[in-house]
Amino acid sequence: MAQKPSIPKGTRDFGPAEVQKRKYILSTIETVFKKYGFMPIETPTMENLSTLEGKYGDEGDKLLFRVLNSGETWEQIRNPKSEIRTQGEFNKVITEKGLRYDLTVPFARYVVMNRNEITFPFKRYQMQPVWRADRPQRGRYREFWQCDADVVGSDSLLNELDLIQIYDEAFRKLGIGNYELRMNNRKVLAGIAEVVKSIDVINSIAVAIDKLDKIGEEGVRKELTEQGFKEEELNRLFEIITITGENEAILNQLQSKLQTSTEGLQGIAELKFILQSLQPINQSTHQPINLKLDFSLARGLSYYTGCIFEVVSTEGSLKSSIGGGGRYDNLTGIFGLTNVSGVGISFGLDRIYDVMDELKLFPQALNATSTKVLVCAFDEHTQLTGINITKQLRDAGIASELYPDLPKSNKEKEKPMLKPMNYADALNIPYTVILKSDGNYVLKNMTEKTETVLSLNDIIHHLSTKH
RNA sequence: GUGGUUUUAGCUCAGUUGGUUAGAGUGCCUGAUUGUGGUUCAGGAGGUCGCGGGUUCGAGCCCCGUAUCCCACCCCA
């Protein structure tokens, strides 16, 4: 008995229309990456678990897809002489590989392994799927694609500036003009923690205030009170993160409040530098980049140390981020290469797709087949002619197909045009060439329903000149 | 990992307090149409009601388990 096939939870098939739309997004982003001087790399689907574990926090470790070792692991475990005593030793016997969780950590691993071949600063982009064992929901998949651009080996903030421009250019090209690019700085968060209580509470504060727009001030206060924050500390916190106004003005206000924190002041200086560098760029364009400072922006991944970015679409119903990134000063340090700073951004292909699909931002032409003309023959003789004609059309650069089947049943022989016409119609193929038994070629425009008897050269000429 | 929800024809969905033979739209097939498609009209085919148990004289409907979809939390692209 045939079983109903299925695919794993959180994964999806993509039909021709979806793939074409996804590739449109990918190629748009890739074009921008290349324009800014980034070079492509690819890394394996699987990494050693030792590469992945501990890089994304406790939550991240839980979400790693682990790959079961092949081989006789059971024999090793049940062997009476087995040395396995601890959970760790057991885990190592049954699994030592995992599916990549993001593209940044594999990239850091790549940089360390290839440090002698790489010319720094190294600017790479990478567009590949990643996997997370999360529970699927809207905008959240277990298999999804990230498009990353990173620069390592340069601590200049001009890299941040380039990445900001990449975000803007790519989203505008895709038609997502109504997006919000939020920026914050981990050092500012550290400064806030220092001024509010102590630098050790940066993570508690970051996690809590990141939810500010979701659970509100009351919710954040409640969460932090449960963690032992005093009311006066929370008052100081909200005095800072609720500052509103123009970017420059709120930075100045923040500066006065973070006077006692060297790290906080450093973060402010970095943010100021980026805003100032952006000014000449914005003055020379009709569409200035709208960079929004947001001191409540935290972002989870624990390796960020400097600027952090997040992108959300302000149109449509998907509220989660469609891009994110930041600077990490010591990611390669874990793998033994210190003093190499990096900064990168990521585009979330699948969420960008969801936004664009809802807002109908895909070009109409993406839905059609690339076939421009369908050659229709109705017997062995004209089919031979058709083979030749199709070949010549293709040689002339015209995407063509020869309808492969001849009428078989009596009914089909009575109406031999029916199937090819239906096919051309269903696939929106704009032209057909009908091979008459008298040797004439008829070019038919399917939308205008016009037919013209033409020579092959005229047909090629006609189809080549039409866009 | 916690809580809620969805699943009925190829697709989108109805289905009453448990009661004869489970419906609609769309798509598909056939014909009206004598080498020519989309429209219209007429007819036709197509359903293990996610899966496995249970209650009942009787279950698409009630109960338990399981899978799956979606939603919230956690976290994130």
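Quick caveat: nothing in here was measured; it's all calculated off a predicted structure. Just so we're on the same page: letters track the sequence lines, and every chain starts at 1.
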Starting from [atom2] on [N], measure out to [atom1] on [X] and report it in whole angstrom.
X	N	atom1	atom2	answer
Ile308(A)	rA77(B)	CD1	C1'	16 Å
Met446(A)	rG38(B)	CE	C1'	8 Å
Lys319(A)	rA77(B)	NZ	C1'	17 Å
Ile29(A)	rA77(B)	CD1	C1'	11 Å
Trp131(A)	rC75(B)	CH2	P	25 Å
Asp425(A)	rC28(B)	CG	P	11 Å
Arg182(A)	rA77(B)	CZ	P	14 Å
Phe378(A)	rG37(B)	CZ	C1'	11 Å

Pick the [atom1] atom in [N] and in [M], then give their distance to the nearest Å.
N	M	atom1	result
rU55(B)	rG18(B)	C1'	12 Å
rA72(B)	rG65(B)	C1'	24 Å
rC75(B)	rC64(B)	P	32 Å
rC13(B)	rC29(B)	P	24 Å
rU5(B)	rU20(B)	P	28 Å
rG43(B)	rC11(B)	P	26 Å
rU17(B)	rA77(B)	P	48 Å
rC73(B)	rU8(B)	P	28 Å

Under 4.0 Å, heavy atoms only, any strand: does [X] hit a base, just the sugar-phosphate, or nothing?
X	answer
Leu349(A)	nothing
Gln137(A)	base
Tyr423(A)	nothing
Lys211(A)	sugar-phosphate
Asn422(A)	sugar-phosphate
Gly325(A)	nothing
Gly139(A)	base
Val207(A)	sugar-phosphate

Counting side-chain heavy atoms from C-beta on, which of [options] comes nearest to [X]?
X	options	value
Arg135(A)	rG37(B), rA72(B), rC75(B)	rA72(B)
Met417(A)	rG37(B), rU2(B), rG35(B)	rG35(B)
Lys444(A)	rU2(B), rU36(B), rG35(B)	rU36(B)
Lys436(A)	rA72(B), rU36(B), rC75(B)	rU36(B)
Pro136(A)	rA77(B), rC70(B), rG37(B)	rC70(B)

**Request:** With RNA chain B as reference, determine whether Pro8(A) or Leu63(A) sits nearer its 5' end, using the nearest nucleotide of each.
**Result:**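 Its nucleotide being nearer the 5' end, the pick is Pro8(A).
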**Request:** Decide, applying a 5.5 Å centre-distance limit and a 30° plane-angle limit (both strict), whether Phe144(A) stacks on rA77(B).
**Result:**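 Stacked: centres under 5.5 Å apart, planes under 30°.
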Side-chain ion pair, [X] and [Y], N-O less than 4.0 Å:
X	Y	result
Lys419(A)	Asp405(A)	no
Glu53(A)	Arg66(A)	yes
Arg182(A)	Glu310(A)	yes
Glu18(A)	Arg22(A)	no
Arg12(A)	Asp350(A)	yes
Glu270(A)	Arg327(A)	no

**Message:** Are Tyr167(A) and Phe347(A), when compared by the centres of their aromatic rings, separated by less than 6.0 Å?
**Reply:**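 That pair passes the under 6.0 Å test.
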**Message:** Could you check whether the side chain of Arg132(A) and the base of rC75(B) have a donor-acceptor pair of N or O atoms closer than 3.5 Å, going by distance alone?
**Reply:**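 By the distance-only test, no, there is no pair.
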**Request:** Could you label the plane-to-plane angle of the Tyr423(A) and Tyr403(A) rings as parallel, tilted or perpendicular, counting under 30° as parallel and over 60° as perpendicular?
**Result:**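 The rings of Tyr423(A) and Tyr403(A) stand perpendicular, inter-plane angle above 60°.
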**Prompt:** Within the structure, does a side-chain N or O atom of Lys9(A) lie under 4.0 Å from either OP1 or OP2 of rU68(B)?
**Reply:**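 It does, given that an N or O in the side chain of Lys9(A) lies less than 4.0 Å from OP1 or OP2 of rU68(B).
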**Request:** Would you mind reporting whether Val152(A) and Leu331(A) have side-chain heavy atoms less than 4.5 Å apart?
**Result:**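 Answer no - side chains too far apart.
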**Item:** Min side-chain heavy-atom separation Ile41(A)-Phe122(A) under 4.5 Å
**Value:**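 Yes, at least one pair of side-chain atoms sits under 4.5 Å.
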**Request:** Treat a base pair as Watson-Crick or G-U wobble with both distances under 3.5 Å, then lay out RNA chain B in dot-bracket form, 5' to 3', with | for cross-strand pairs.
**Result:** ((((..(..((((.....[...)))).(((((.......))))).....(((((..]....))))))..))))....
